[in-house]
Amino acid sequence: MTAPRQDPLRDPRFFADPYPTYDQLRQGCPVRRIPTGSGGHDAYLITGHPEAREAFTDPRLSKDTARFFADRPSNRDLHPAISRNMLASDPPAHTRHRRVATRLFTTGRVRELRPFITRVVDDLMGTWRPGAAIDLVADLAVPLPVTVVCELLGVPEPDRTTLAARSRDLFDATDTGRVDAASHHIGDYLTHLVDTARATPGDGPRHSLVRDCAAGGLDRDETVSLAALLLVAGHETTTHFIGNAVLALLRHPEAFDRVRRDPDRIPGALDELLRFDSPVSVATFRHSTQDLRVGGFDIPAGFPVLIAPGAANRDPSAFPDPHRLDLDRDAGGHLSFGHGIHRCPGAPLARAEAEIALRTLVTRFPDTRLAVPADSLAWRRNRLTRGLTTLPLTLA
């Protein structure tokens with residue numbers, strides 16, 4: 001497990017197409033030590049599917065970020081609502097947060113949201129016409145999940161565009177100052193939103209959130225942190241889910257033709273679309289609290305551990321011929337939503353949004369095509385999430 005001399009996840013070629021890099025790393029060793037590019041520190045990267053599943057459920061891999069960085073100097077200035085959320089905690093604190101978050105995304109609640117999601121999609125596509133050029137990212141994939149999560153949080157419509165922009169700034173890997181500033185904008189805004197709901201009676205979404213959090217034993221600051229997590233995680237990854245899925249279908253005409261002819265296939269195709277080009281390339285931060293073995297490979301105590309669903313989903317030991325999009329494949333074992341106690345509780349909502357968006361697109365514009373060559377598309381330079389900056393289409 002000799003560490004490469006350079007961080008392979010920061011190569012510009014990786015952002016355009018991470019899968020050759022993931023294949024090379026996995027074939028060499030599915031659990032290996034790499035430089036992270038931050039302060040000269042190393043981390044362990046997990047690219048194999050069985051190893052990733054095992055790591056996701058190992059309690060010796062902690063997500064308590066504050067614990068790891070407690071004695072390490074840092075010049076970062078993240079708002080506490082961003083730096084101390086459910087994704088950065090272990091049980092029992094994580095258990096309390098997750099219990100509340102899970103109740104927000106039950107099958108029944110998502111079913112109740114489907115008419116609203118459909119109306120949002122209809123509104124967004126309402127001005128689209130055959131022959132027109134659109135950017136699927138800016139015109140659908142970004143505003144749809146933002147509108148839905150802001151509705152859940154009770155964010156007034158005039159504030160949604162700015163809040164969404166600051167949320168996207170949090171994933172700007174090239175400018176830590178911008179990230180920190182965005183975190184404070186979001187944290188301060190949601191603190192005001194929660195405080196207002198706590199101070200005034202009402203029956204709106206923000207009041208429901210506050211009541212759910214109080215019933216689950218979350219205090220005011222924990223309520224703000226959960227709201228921030230719902231906002232940030234609830235739209236960024238869904239945006240990429242939709243964009244990546246549309247691109248995958250357009251690049252595979254047979255698959256696109258199948259869902260175009262029979263849109264009822266779309267719910268069953270979502271797992272394979274998630275597996276094929278995961279919106280989560282590398283899962284959020286974990287660290288080893290003691291020496292452990294994952295898949296027969298040693299990881300010493302005290303190291304960051306990066307689990308890569310994007311790599312695990314293309315592991316041929318789990319998915320034969322993994323670089324082929326196969327809508328008949330049983331892809332239910334993909335790791336795009338994680339695994340174990342940290343599996344994304346918002347997965348049912350993300351699936352509903354993607355399904356409705358794809359169904360409406362292929363029904364109204366069945367002959368839509370890429371407006372530019374696929375190899376000219378630009379991808380966001382972020383190793384945690386994988387998504388397009390734009391997706392120009394010609395509607396037909």
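Residue indices begin at 1 and follow the sequence shown.
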Tyr22 ring center near Phe14 ring center (under 6.0 Å): yes

Electrostatic pair Arg351-Glu355, nearest N-O below 4.0 angstrom: no

Heavy-atom neighbours of Arg251 CZ exceed 12 at 6.0 Å: no

Side-chain touch His207/Arg198, heavy atoms, less than 4.5 angstrom: no

Inter-residue atom distance Leu391.CG - Leu136.CG, 0.5 Å rounding: 5.0 Å

Between His252 and Phe276, ring centroids under 6.0 Å: yes

Side chain to side chain contact (heavy atoms under 4.5 Å, CB included) involving Arg60 - partner list, sequence neighbours excluded: Asp58, Thr289, Gln290, Leu292

Check: Phe285 ring centroid to Phe69 ring centroid under 6.0 Å: yes

Straight-line distance of Glu157 CD to Thr147 OG1, nearest 0.5 Å: 8.0 Å

Distance-only side-chain donor-acceptor flag, His334 / Asn313, under 3.5 Å: no

Stepwise salt bridge (Lys or Arg N to Asp or Glu O under 4.0 Å) check, Arg160 with Glu151: CA-CA 9 Å; Arg160 293 178 180 181; Glu151 182 73 11; 3.2 Å; yes

NZ/NE/NH1/NH2 to OD/OE distance under 4.0 Å, Asp262 and Arg258: no

Distance-only polar pair, side chains of His323 and Arg314, donor-acceptor under 3.5 Å: yes

Side chains of Asp64 and Ser89, donor plus acceptor under 3.5 Å: no

Salt-bridge criterion met for Asp212 and Arg109 (N-O under 4.0 Å): yes

